[in-house]
Student: 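The structure follows.
So you know, we letter chains A, B, ... as the sequences are listed, proteins then strands, and number each from 1. Small disclaimer: the values here were computed from a predicted structure and weren't measured.
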Amino acid sequence: MLQLNYIRENTQEVIDRLAVKNFKAVDIIANVLNLDTQRRDAQKLLDANLAEANNLAKEIGMLFKSGKQAEANVLKERTAELKNQAKDLSEKHDQIETELNLLLVQIPNLPHSSVPLGKSAEHNQNIHQEGTIPAEGSKPIPHWDLCAKYNIIDFELGNKITGAGFPVYKGKGARLQRALINFFLDNATSQGYLEIQPPLMVNEASGYGTGQLPDKEGQMYHATVDNLYLIPTAEVPVTNIYRDVILNEKDFPVKNTAYSACFRREAGSYGKDVRGLNRLHQFDKVEIVQIQHPDKSYETLEEMKEYVASILRKLELPFRILRLCGGDMSFTSALTYDFEVYSAAQKMWLEVSSVSNFESYQANRMKLRFKDKEGKTKLAHTLNGSALALPRIVAALLENNQTEDGIVIPQALVAYTGFNIID
RNA sequence: GGAGAGAUGGCCGAGUUGGUCGAAGGCGCACGCCUGGAAAGUGUGUAAACGUCACAAGCGUUUCAUGGGUUCGAAUCCCAUUCUCUCCGCCA
């Protein structure tokens, strides 16, 4: 969430910048500031009350020690009075604070100054494109048919044992998954990322820390008996490693990578573009996470962007990079680059990675801080990106690399698959 | 799942007949002295949040797992919850 101080001191700027995200902030900000004033007033009264009570308690203690019971009892009457008041004051204070927080979590992160205006995906800025898009006129087979043809991914079998969106990978299909995961992890660790193997289930506090809770609750699978959530991305457990942590400045940058299965209910996204591997309930992904000094986070974002591009290049996939417009960005992001690969048979761009700088938005929510040179505690910046999500990479590899003899594996992957063709 | 023990500051660890306890001591860390330089030695400092305020100092409030209760006053007493450890059961 945004820092209250910042809203208080830069009110108009906050409202203007939120407008880029098409968020009408005037009313909610006014409410926040109003509650903020109320909360501080309430705290002043409560603090004064408690201070008096504390002093009286000390005096009473002294009187008891010197045997002046009667005098002590007189003071006790006053403390009883204070106690009653304190209860009311504290209830009022807590109530205001709860209300305030409820509003604060509804305010999205401020977009970076480079974020283009726009309402939806069509207004995203295409900032880079490379690789060869297969010529029009060719009639490539879509990946779901290729999966059946070579018997590598079985959607029907997944339907039988679990349900839609839970495919079964077989033979070279399974091996390809394993190869990609290892390929991605090896690339990341060679760039200085520490490999993490996180839990696939998280508790409520973690879900709240990265912003899935309370509002996106319906997107996660919930094991109600134990009140645990299946992770929608490794970002959740990995970033939460640093919840309530105060780092030293010399710890920067913190670089973590993690492979995990990801689980998403995808409630509400039926019908369009969900065929085959395009949208699954369970899929594999390697995630990269960095925690950085606020002064360097945008440098780091560019570095992460270049890193993701380098992997796609190694896989020889045509891709483009988009700078997301205000309307298409996530709630918590300040600047996001999306990576899309071209899928030859579907003749469309598929999102395979999203690299974002959250600045201090997540850090504020989960109290991830660092001590700067003067010894002051400040919020760190968090960044993350997919590097990469497997299903759509697989879809593009299958469709783009199909030949009469089979699916050709890109050279960089052969060492991992152990074969150079799926036939 | 059953029985028992326990949860204190970055770490270890005192404190549990309730009263200057945000909390002894040690380690670690930071700075200084010592040294040709370092180690050793030595001195000082070393939690966070919120409020007041200049995002200074100072002052006030809160925090000894979490939430509630008893009391003028609780790390210290009571209740609930969570977690950890030991033993038993079950088990990849």
Side-chain angles (χ1 to χ4, degrees), chain A residues 1-11 13-14 32-101 104 197 199-209 223-229 237 240-252 254 291 294-295 360 363-380:
Chain A
M1 62 183 95
L2 296 177
Q3 294 177 75
L4 199 44
N5 275 342
Y6 195 85
I7 298 177
R8 202 188 292 152
E9 285 158 25
N10 307 277
T11 310
E13 185 211 317
V14 167
V32 162
L33 292 177
N34 180 27
L35 285 169
D36 176 42
T37 308
Q38 284 185 44
R39 202 205 100 243
R40 276 148 56 211
D41 289 346
Q43 186 178 341
K44 271 183 246 178
L45 291 174
L46 179 62
D47 281 359
N49 175 301
L50 291 172
E52 188 181 346
N54 285 343
N55 283 328
L56 283 176
K58 275 178 202 161
E59 279 185 52
I60 291 172
M62 310 257 260
L63 290 173
F64 268 123
K65 269 186 184 162
S66 48
K68 297 174 183 168
Q69 302 266 348
E71 284 181 48
N73 285 330
V74 174
L75 292 181
K76 273 195 194 183
E77 286 174 28
R78 174 65 181 152
T79 60
E81 217 174 290
L82 286 170
K83 219 175 156 182
N84 273 328
Q85 284 174 13
K87 201 181 170 189
D88 289 346
L89 289 169
S90 135
E91 271 171 18
K92 192 176 164 199
H93 174 269
D94 291 351
Q95 187 208 326
I96 294 168
E97 194 167 64
T98 305
E99 248 178 272
L100 182 57
N101 282 327
L104 278 175
Q197 202 170 106
L200 301 182
M201 300 183 100
V202 293
N203 57 27
E204 256 183 342
S206 294
Y208 183 82
T224 51
V225 177
D226 298 295
N227 197 24
L228 295 173
Y229 294 86
N240 270 286
I241 291 173
Y242 305 95
R243 171 154 50 86
D244 285 320
V245 166
I246 300 179
L247 296 162
N248 287 313
E249 202 168 327
K250 64 182 180 219
D251 296 332
F252 290 134
V254 174
I291 300 167
D295 294 346
S360 60
N364 190 31
R365 193 180 261 228
M366 70 170 96
K367 297 189 172 52
L368 162 51
R369 293 159 293 176
F370 71 99
K371 276 206 192 302
D372 72 4
K373 288 190 184 73
E374 283 93 52
K376 285 185 65 175
T377 312
K378 290 182 175 165
L379 292 171

Student: Taking any heavy-atom pair under 4.0 Å as a contact, classify A:K58: base, sugar-phosphate, or nothing.
Tutor: nothing

Student: Could you identify the nucleotide paired to B:A7, looking across every strand shown and requiring Watson-Crick or G-U wobble geometry with both distances under 3.5 Å?
Tutor: B:U82

Student: Could you check which nucleotide pairs with B:U20 in any of the strands shown, counting Watson-Crick or G-U wobble with both distances under 3.5 Å?
Tutor: none

Student: Return the nucleotide paired to B:G36: Watson-Crick means purine N1 to pyrimidine N3 with N6-O4 or O6-N4, wobble means G-U with N1-O2 and O6-N3, both under 3.5 Å.
Tutor: none

Student: Mind checking the C1' distance from B:G22 to B:A48? Whole angstroms is fine.
Tutor: 11 Å

Student: Using Watson-Crick or G-U wobble geometry with both distances under 3.5 Å, which nucleotide pairs with B:G1?
Tutor: B:C88

Student: Does A:N248 reach a base, just sugar-phosphate, or nothing at all? Heavy atoms under 4.0 Å.
Tutor: nothing

Student: In the structure shown, which nucleotide is the Watson-Crick or G-U wobble counterpart of B:C29, with both distances under 3.5 Å?
Tutor: B:G45

Student: In residues 32-42 of chain A, what residues come within less than 4.0 Å of RNA chain B, judged by heavy atoms?
Tutor: A:R39, A:R40

Student: Nearest heavy atom decides the nucleotide; on that basis, is A:A57 or A:K87 closer to the 5' end of RNA chain B?
Tutor: A:A57

Student: Please tell me which of A:E9 and A:N55 maps to the more 5' nucleotide of RNA chain B, matching each residue to the nucleotide holding its nearest heavy atom.
Tutor: A:E9

Student: Which two nucleotides bound the region of RNA chain B that has atoms under 4.0 Å from heavy atoms of chain A, read 5' to 3'?
Tutor: B:G19 to B:G73

Student: Now, which nucleotide makes the Watson-Crick or G-U wobble pair with B:U70, with each of the two distances under 3.5 Å?
Tutor: none

Student: How many angstroms lie between atom OG1 of A:T98 and atom NE2 of A:H93, to the nearest 0.5 angstrom?
Tutor: 9.5 Å

Student: Taking atom P in both B:G13 and B:G6, compute the distance separating them and give it to the nearest angstrom.
Tutor: 15 Å

Student: For a quick check of understanding: with a heavy-atom distance under 4.0 Å over all strands, which category does A:K367 fall into, base, sugar-phosphate or nothing?
Tutor: nothing

Student: Find the partner of B:C55: check Watson-Crick (N1-N3 plus N6-O4 or O6-N4) and G-U wobble (N1-O2, O6-N3) distances, both under 3.5 Å, and reply none if neither fits.
Tutor: none

